[in-house]
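What follows is a single structure, written as structure tokens, with notes after it.
Note that ligands are numbered from 1 as they come in the structure, with each ligand's atoms numbered from 1 the same way.
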Amino acid sequence: MTESDLRAAIERELPGVRADLERLVRIPGIAFDGFDHSHVERSAEAVAELLRGCSLDVRIVRSGGQPAVIGTRPAPPGAPTVLLYAHHDVQPVGDRSLWQSDPFEPVERDGRLYGRGAADDKAGVMAHVAALRAFGDRLPVGVVLFIEGEEEFGSDSLERLLEEHRADLAADVMVIADSGNWDIGQPALTTSLRGLVNCFVEVRTGTHAVHSGMFGGAVPDAVTALARLLATLHDDAGDVAVEGLVGRTGATVDYPEDRLRHEAGLLDGVEFIGTGRLTDRIWTKPALAVLGVDAPPTAGAPNAIVPVAKAKLSLRLAPGDDPKRAYAAIVAHLEKHAPWGAQVTVSFEHDGDACEIDASGPMYDAARAAFETAWDGTAPVEMGVGGSIPFIATFQEMFPAAAILVTGVEDPDSRAHGPNESLHLGEFARVCLAEALLLANVAEAGRG
Ligand code: BES
Ligand code: MN
């Protein structure tokens, strides 16, 4: 199909794609422990139904974790096979009172579609579906759709799942629609992602709570001990102080300070932390954040010395670092810095590998050309991101010869993982067109 055929086809398909995206957003499929996983099942079934509608051979698969969907359609003779990745599970919504509308009832405001997963990553699923629908029965490549069901919860069963279905997943090119673009109107290819280790640290100072007046002054409380321990994780400049982590500089684009302040919603007077270029700090150096704390709530807190407190930590790893080694490093750090002899227990949640992509070669050129056409002459930039997609490194290891194209729908205002997540509908249309053009270009490049 020609470029103008594909433009027309995407235009024709967009209303249906939008309606199906809204249907997906209404399903609260959260893979985290403690959530009702029947919704993840429903979500997998809804995705399977969409893929069947694209004449794929579809199976729902799992390996001890949440269900993924695999859909395949063999390549026409001599044509390459492309694996299209996205995930159908979403992050929890957090404090509902911070949402301007129901997270699971999609609504459009000012050209954006609001709802949990509207961007991350149900729009990724629908970009693949849009491209397939645009081609109808004239798809010029073979495809394998792999739509994961527990990406947001660390992809714990992913390696087993990939091993079990290795034969079905082999591909020459892979398109990961789970990242984003540099800005509205400015496309990007993502060429590095950080790795991650999430863990918990519990601090104990006593066997039970005691009267804070009777014992305070001699007996340490666990919340203060935890605070002191957490304070050792960064140096005064705000760089991560855990020894033995990898960090690198050398980003090729700059992130203007004002832009990052604005996009992050940083309050006036609050400083950035860390040293070096901002792009290095958020893409290729380690970062450590406290995601949550268990301690008595302030409302109704008695005058008692708290004997136990716990924090959840998230350590982002630079490309080139190893999650197992990094976990050992943070455990060693936390144990070594136990304040006042407090008992410190660290436990692991999950991890994922970082990745780096050398975006040279015919498939990357094919992708760049597709983006440039879809964005009416604006060529994509290469960027890193600070987030993680553990699938990529696993797939890279399994199929080292495959070209990996990391695309996506997110823009700086998507607020993925936060309240009021949304999708920019104008950019989404371009992402869908870009993917269709990309498949056409890849077919061409694969033949040549
Ligand atoms: N879509 C994100 C990855 C991403 C983040 C891409 C930021 C571009 C910019 C993905 O769904 C995600 O959030 N992954 C988790 C992975 C973790 C649970 C191992 C993340 O990064 O927190
Ligand atoms: Mn995400």
* Do side-chain atoms of D321 reach the backbone of V246 as a donor and acceptor pair under 3.5 angstrom? -> yes
* **Spacing of S179 atom OG and D120 atom CG [to the nearest 0.5 Å]** => 9.5 Å
* Where is the nearest protein heavy atom to atom 19 (C) of ligand 1: which residue, which atom, and how far? -> L196 CD2, 3.5 Å
* Sidechain N-carboxylate O distance under 4.0 Å for R368, E372 -> no
* Asked: What residue and heavy atom of the protein are closest to atom 9 (C) of ligand 1, and at what distance?
  -> V385 CB, 3.8 Å
* Would you say H350 has any N or O atom under 3.5 Å from an N or O of ligand 1, going by distance alone? -> no
* Asked: If you measure from each heavy atom of G352 to ligand 1, is any distance below 4.0 Å?
  -> no
* For the Mn ion (ligand 2), what is the closest N, O or S atom on E152? -> OE2
* Are Y255 and E263 close enough that a side-chain donor and a side-chain acceptor fall under 3.5 Å? -> yes
* To do: Using a cut-off of strictly less than 2.8 Å, determine whether H417 has an N/O/S atom near the Mn ion (ligand 2).
  => yes
* Main-chain N/O of Y114 paired to N420 side chain as donor or acceptor, under 3.5 Å -> no
* Numbering the atoms of ligand 1 from 1, which are under 4.0 Å from a heavy atom of E410? -> 1 (N)
* Asked: Which residue and non-hydrogen atom of the protein lie closest to atom 16 (C) of ligand 1, and at what distance in Å?
  -> S388 O, 3.4 Å
* To do: Within a distance under 4.0 Å of any heavy atom of I389, pick out the atoms of ligand 1 and give their elements.
  => 3 (C)
* **Atoms of ligand 1, numbered as shown, that sit under 4.0 Å from any heavy atom of H87** => 11 (O)
* Asked: Does any donor atom in the side chain of S422 or R415 lie under 3.5 Å from an acceptor atom in the other side chain?
  -> no
* Asked: Can you tell me which residue and heavy atom of the protein come closest to atom 5 (C) of ligand 1, and the distance to 0.1 Å?
  -> G387 CA, 3.6 Å
* **Salt bridge flag under 4.0 Å for residues R18 and E108** => yes
* R116 side-chain N/O to H417 backbone N/O, donor-acceptor pair under 3.5 Å -> yes
* To do: Specify which N/O/S atom of D120 comes nearest to the Mn ion (ligand 2), by atom name.
  => OD2
* May I ask you to identify the nearest protein heavy atom to atom 8 (C) of ligand 1, giving residue, atom name and distance to one decimal place in Å? => S179 OG, 3.4 Å
* **Residues, nucleotides or ligands: over 12 heavy atoms within 6.0 Å of D110 CG** => no
* Taking N or O atoms only and a 3.5 Å limit, does Q91 qualify as a polar contact for ligand 1? -> no
* ligand 1 contact by P390, heavy-atom criterion under 4.0 angstrom -> yes
* Asked: Do the numbers put R112 on top of the ring of F428, so that NZ or CZ is under 6.0 Å from the six-membered ring centre and no more than 45° off the axis?
  -> no
* Measuring from K285:NZ to L278:CG, what's the distance to the nearest 0.5 Å? -> 10.5 Å
* Sub-4.0 Å heavy-atom contact, H417 with ligand 1 -> yes
* **Over-ring placement of R259 relative to W182, 6.0 Å and 45° cut-offs** => yes
* D121 to ligand 1, any heavy atom closer than 4.0 Å -> no
* For the Mn ion (ligand 2), does an N/O/S atom of D178 lie at less than 2.8 Å? -> no
* Structure fact -> Closest to atom 6 (C) of ligand 1 among protein heavy atoms sits D178 O, 3.4 Å
* Asked: At a 4.0 Å threshold, what atoms of ligand 1 neighbour a non-hydrogen atom of G154?
  -> 18 (C)
* Structure fact -> atom 11 (O) of ligand 1: closest protein heavy atom, distance to 0.1 Å, is E151 OE1, 2.8 Å
* Asked: Any donor-acceptor pair under 3.5 Å linking the side chain of E421 with the backbone of S414?
  -> no
* What's the shortest distance from atom 22 (O) of ligand 1 to any protein heavy atom, and which residue and atom give it? -> R316 NH2, 2.8 Å
